[in-house]
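Working notes, structure below.
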Amino acid sequence: MYKITQSDEKIIIKGIKDFDPIHTFECGQCFRWNKEEDGSYTGVVKGKILNVKKDGEYIIFDKTTKDDFINLWMDYFDLKRDYNLIKEKLSKDSILKEAIQYGEGIRILNQDEWETTISFIISSNRGIPIIKKSIEALCKKYGTYIGAYKGKRYYDFPSSKQLFKCSEEEIKESYTGYRAKYIVNTTCMIEKNQVDLYDLKKLFTYDARSELLKLSGVGPKVADCILLFSMEKYDAFPIDVWVKRVMEYFYIHEETSLKKVQLFSQEKFKDLAGFAQQYLFYYARELGIGK
DNA sequence: GGGCAGGTCTAAG
DNA sequence: CTTAGACCTGCC
């Protein structure tokens with residue numbers, strides 16, 4: 001399917017369509033990928049460091065192996081899915097057709113359930129720079145040290161077991177504010193198996209969602225993010241301020257309630273709602289719609 | 001320096 | 001079941 005070549009610790013892939021690291025990492029689904037001076041992105045996934053760069057028709061995966069590419073990164077970057085088909089379907093809508101042109105290289109990552117849950121609890125009611133800072137601090141304090149790359153030290157996202165040892169005060173040291181209590185409560189629920197995060201993928205979206213809503217600090221928006229970004233529930237449609245504004249601006253033509261936007265979007269985009277959300281989010285931010 | 005920022009929780013109608 | 005306020009705090 002893809003042509004893979006290897007040199008040193010670099011894996012070079014030719015033939016990946018519909019993938020641009022910038023679009024994928026800047027569309028709001030992840031917080032631990034950071035831009036390097038050369039325009040590449042470095043991140044940590046499942047205890048492994050990776051650097052990704054697009055160079056024309058090549059994607060260069062640095063600091064990894066062919067085995068990891070096939071067993072880990074193919075799945076993480078959703079490279080088995082035909083995004084062209086999804087775009088074709090969504091492009092029947094003229095607004096989405098426009099939005100897709102801006103974020104044509106978006107792929108929805110298959111992230112870890114636990115990391116996604118805690119990350120999006122932290123994300124509520126704040127801007128992206130502070131969210132990233134918060135999560136990095138948490139990783140550095142409580143995550144396992146993995147190694148260095150380009151002179152920076154990298155840490156894994158702390159496991160539920162690692163976080164379970166922390167007090168609310170300790171969590172607060174990572175700039176989490178009042179969300180520290182949510183993190184402590186949710187960690188406790190996970191450790192006591194009151195919700196089995198790694199079992200929810202099997203359930204229908206609605207059932208998985210109601211399980212997630214039991215967690216402290218997880219409301220409708222955060223639950224939808226967890227479903228979409230870590231459980232392959234592509235009918236989920238997370239509505240944050242940006243998506244709400246873009247939906248009202250282009251489709252509904254008036255300010256309305258979250259509930260109405262939710263119903264409207266699910267009905268309109270159905271099983272592709274999550275993909276539509278990503279294109280619209282990127283589009284809204286690029287254009288600064290509704291600011 | 002005061003207001004804002006990828007929502008959730010809680011209490012009340 | 002829908003709506004209004006409070007909420008940590010770093011950053012612009």
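Order of the sequence lines sets the chain letters (A, B, ...), proteins ahead of strands, with each chain counted from 1. Computation of the quantities below employed the complete heavy-atom set of this structure, encompassing side-chain atoms and omitting hydrogens, waters and symmetry-equivalent molecules.
Residue contacts shown for A:Phe120 are absent, as no nucleic acid heavy atom lies under 4.0 Å away.
In DNA chain C, the stems built from three or more successive Watson-Crick or G-U pairs (distances below 3.5 Å) are B:2-5 with C:9-12, B:7-13 with C:1-7.
Within residues 260-279 of chain A, no residue has any heavy atom under 4.0 Å from DNA chain B. Interface residues of residues 96-107 of chain A facing DNA chain C, ordered by number: none; criterion, heavy-atom separation under 4.0 Å. Listed by residue number, A:Asp240, A:Val241 are the residues of residues 228-241 of chain A with a heavy-atom contact under 4.0 Å to DNA chain B. Near DNA chain B, meaning a heavy atom under 4.0 Å away, the residues from residues 213-227 of chain A are A:Leu215, A:Ser216, A:Gly217, A:Val218, A:Gly219, A:Pro220, A:Lys221, A:Val222.
A:Gln111 and A:Ser230 share no donor-acceptor pair across their side chains, judged by distance under 3.5 Å alone.
Contact of the A:Ile4 side chain with the A:Ile12 side chain is not registered, since no non-hydrogen atoms from C-beta on lie closer than 4.5 Å.
Cluster partners of A:Tyr145 are A:Tyr155, counting Ile, Leu, Val, Met, Phe, Trp and Tyr whose side-chain heavy atoms approach within less than 4.5 Å, directly or via other members.
For the salt bridge (Lys or Arg N to Asp or Glu O under 4.0 Å) condition, no pair includes a residue of residues 95-106 of chain A, sequence neighbours left out. Among residue pairs with one or both ends in residues 157-168 of chain A, those qualifying as salt bridge (Lys or Arg N to Asp or Glu O under 4.0 Å) are A:Glu168-A:Lys172; sequence neighbours excluded.
Every residue meeting the ring pair (Phe, Tyr, Trp, His ring centres under 6.0 Å) condition with A:Phe120, not counting sequence neighbours, appears here in chain and number order: A:Phe31, A:Phe229. Legend: residues meeting side-chain contact (heavy atoms from CB on, under 4.5 Å) with A:Leu287, ordered by chain and number and at least two apart, are A:Tyr102, A:Tyr283, A:Ile289. With sequence neighbours left out, A:Ser174 forms a side-chain contact (heavy atoms from CB on, under 4.5 Å) with A:Ala137, A:Leu138, A:Lys141, A:Thr176.
Residue A:Thr42 forms a side-chain contact (heavy atoms from CB on, under 4.5 Å) with just one option from A:Val52, A:Asn51, A:Leu50, and that option is A:Asn51. Of the residues A:Thr65, A:Thr64, A:Asp68, the one that meets the side-chain hydrogen bond (donor to acceptor under 3.5 Å, both in side chains) test with A:Trp73 is A:Thr64.
Atom CG in A:Asn185 sits about 12 Å away from atom C1' in B:dC9, given to the nearest Å. Remark: C1' of C:dC7 and CD1 of A:Ile122 are 16 Å apart, rounded to the nearest angstrom. One atom, NZ of A:Lys244, and another, C1' of B:dA5, lie 15 Å apart when rounded to the nearest Å. Atom CD1 of A:Ile118 and atom P of B:dG6 are 20 Å apart (whole Å). As a whole-Å value, the separation of A:Ile131 CD1 from B:dT8 P is 12 Å. Put simply, NZ on A:Lys181 is 11 Å from C1' on B:dT10, counting in whole angstrom units. For the pair A:Glu168 CD and C:dC8 C1', the interatomic distance rounds to 11 Å; values are reported in whole Å. In this structure, the CG atom of A:Asn125 is 13 Å from the P atom of B:dC9, given to the nearest Å.
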What does the list of N/O pairs under 3.5 Å between the protein and nucleotides 9-12 of chain C look like, with a distance for each?
| residue | atom | partner | partner atom | Å |
| --- | --- | --- | --- | --- |
| C:dC11 | OP1 | A:Lys133 | NZ | 3.3 |

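Of the charged side-chain nitrogens involved, at least one lies within less than 4.0 Å of a carboxylate oxygen, so that A:Asp18 and A:Lys87 count as a salt-bridged pair. Using a 4.0 Å cut-off between charged nitrogen and carboxylate oxygen, A:Asp62 and A:Lys53 do not count as a salt-bridge pair. Checked for salt-bridge contact, A:Glu248 and A:Arg245 miss the test: no charged N lies under 4.0 Å from a carboxylate O.
The aromatic rings of A:His23 and A:Tyr282 lie perpendicular to each other, with more than 60° between the two planes, well past the 30° mark. Taking the six-membered ring where tryptophan is involved, the planes of A:Phe25 and A:Trp33 are essentially parallel, since the angle between them stays under 30° and well short of 60°.
Judged by atom type and distance alone, A:Tyr182 does not reach the base of B:dG7 through any side-chain donor-acceptor pair under 3.5 Å. In terms of polar N and O atoms assigned as donor or acceptor, the side chain of A:Arg179 never comes within less than 3.5 Å of the base of C:dC7 in a complementary pairing.
Aromatic ring centres of A:Phe69 and A:Phe77 lie farther apart than the 6.0 Å criterion allows. Remark: aromatic rings of A:Phe275 and A:Tyr83 are close, center separation under 6.0 Å.
Look at the P atom in both C:dC12 and B:dG6: the space between them is 13 Å, to the nearest Å. Spacing of P atoms, C:dC8 relative to B:dT10, comes out at 12 Å, to the nearest Å.
With C:dT3, C:dC7, B:dG6 as the candidates, the nucleotide lying closest to the side chain of A:Tyr178 is C:dC7.
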When you look at A:Asn34 and A:Lys152, which way does the side chain to side chain donor-acceptor pair (under 3.5 Å) test go after all the steps? CA-CA 11 Å; A:Asn34 293 309; A:Lys152 279 188 205 161; over 6 Å; no
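Under the 3.5 Å distance criterion, the side-chain polar atoms of A:Lys202 are left unmatched by any main-chain donor or acceptor of A:Asp199.
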